[in-house]
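Presented below is the structure to which this report refers.
What you see is a predicted model, and the numbers here were worked out from it, not measured in a lab. Chain A is the first sequence line, chain B the second, and so forth, proteins listed ahead of strands; every chain is numbered from 1.
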Amino acid sequence: MSLASQLIQPPEVSAPRLLGTVLVSELGSSPVTVKISEVEAYRGEDDPASHAFRGRTGRNGSMFEVPGTLYVYRSYGVHWCANVAVGPKGTGWAILFRGGDVIDGMATARSRRGRDDHLANGPGKLCQALGIDGSHDGINLLEAGSPLRLEPGTPPQMVMATPRVGITKAQDLPWRFVAATSSANRS
DNA sequence: AGGATGATGGACT
DNA sequence: GTCCATCATCCTA
């Protein structure tokens, strides 16, 4: 099954299937690759915790684009967070990349992070390691020539589903998915 | 026009 | 574990 076909699904179906895929960044002079180990599903206008809950606005337009579109927003005034739009165009469904492991371009990732560990075990850190910022909002992660791409990988052996992190609404939904073998596991 | 509010991370105790 | 920097965005008036 192709990656594109996985991204057509509803977010709570698509999200766990993105575990084990890889984000390849050629945004800087040398590439960095992160294997995704933690994601969260956001179900557009049906989901009070989603940025898309109140419909399309200036900030969240990319969430309503074709599946594979990158949605980047600033968090707490300082960090960047990256999502990929999923489902049919116009739904506002998206998956937040919450964490992963750097599997290539370690030196570059360490340089960007300014430290040797905890390179991508959080949404802001993941973006920093890959060099993602607001200027990349709206690019297509499925295009072969894109400087930032989502590519197939090895699915994890086991997936844990837990409530989402850092939200105040719809906290009961177990839409955070973590690869059980990941180093990015946090409580 | 102004204020409240984060899908966080890092420093510090 | 606790505290807080920092600012774009959106909602209310």
Using OP1 and OP2 only, check whether a side-chain N or O of A/R74 sits under 4.0 Å from B/dA7.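 No, no such contact exists.
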**Request:** State whether A/H51 places a side-chain N or O below 4.0 Å from either non-bridging phosphate oxygen (OP1 or OP2) of B/dA7.
**Result:**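 For B/dA7, OP1/OP2 do have a side-chain N/O of A/H51 under 4.0 Å.
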[N] [atom2] sits how many Å from [X] [atom1], rounded?
| X | N | atom1 | atom2 | answer |
| --- | --- | --- | --- | --- |
| A/R113 | B/dA11 | CZ | C1' | 14 Å |
| A/L96 | B/dG6 | CG | P | 16 Å |
| A/D47 | B/dG6 | CG | C1' | 15 Å |
| A/N121 | B/dT8 | CG | P | 13 Å |
| A/N83 | B/dG6 | CG | P | 17 Å |
| A/Q171 | B/dA7 | CD | C1' | 12 Å |
| A/D116 | B/dG10 | CG | P | 13 Å |

So, A/Q128 and A/R112: side-chain donor and acceptor under 3.5 Å apart, yes or no?
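The criterion, which ignores hydrogens and geometry beyond distance, is not satisfied for A/R112 and A/Q128.
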Can you tell me if A/T69 and A/N140 form a side-chain donor-acceptor pair at under 3.5 Å?
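No.
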DNA chain C stem ranges, 3 or more consecutive Watson-Crick or G-U pairs under 3.5 angstrom: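 Output for stems: B:1-6 with C:7-12, B:8-12 with C:1-5.
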Flag this pair as yes if the NZ/CZ of A/R43 is under 6.0 angstrom from the six-membered ring centre of A/F53 and inside a 45 degree cone about the axis; otherwise no.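 Output no; distance or angle outside limits.
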Query raised in the report: In a check of side-chain contact (heavy atoms from CB on, under 4.5 Å) between A/V102 and each of A/N121, A/T108, A/L130, A/L119, which one passes?
Result: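 Of the listed options, the one satisfying the test is A/L119.
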Can you figure out which of [options] approaches the side chain of [X] most closely?
| X | options | result |
| --- | --- | --- |
| A/T57 | B/dT8, C/dC10, B/dA7 | C/dC10 |
| A/Y76 | B/dG10, B/dT8, C/dC11 | B/dT8 |
| A/Y73 | C/dC10, B/dA7, C/dA5 | B/dA7 |
| A/R59 | B/dT8, C/dC10, B/dG10 | C/dC10 |

message = I'd like to know if A/R56 pairs up with A/E65 as an ion pair, taking the criterion as any Lys NZ or Arg NE/NH1/NH2 lying under 4.0 Å from an Asp or Glu carboxylate oxygen.
response =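 Yes.
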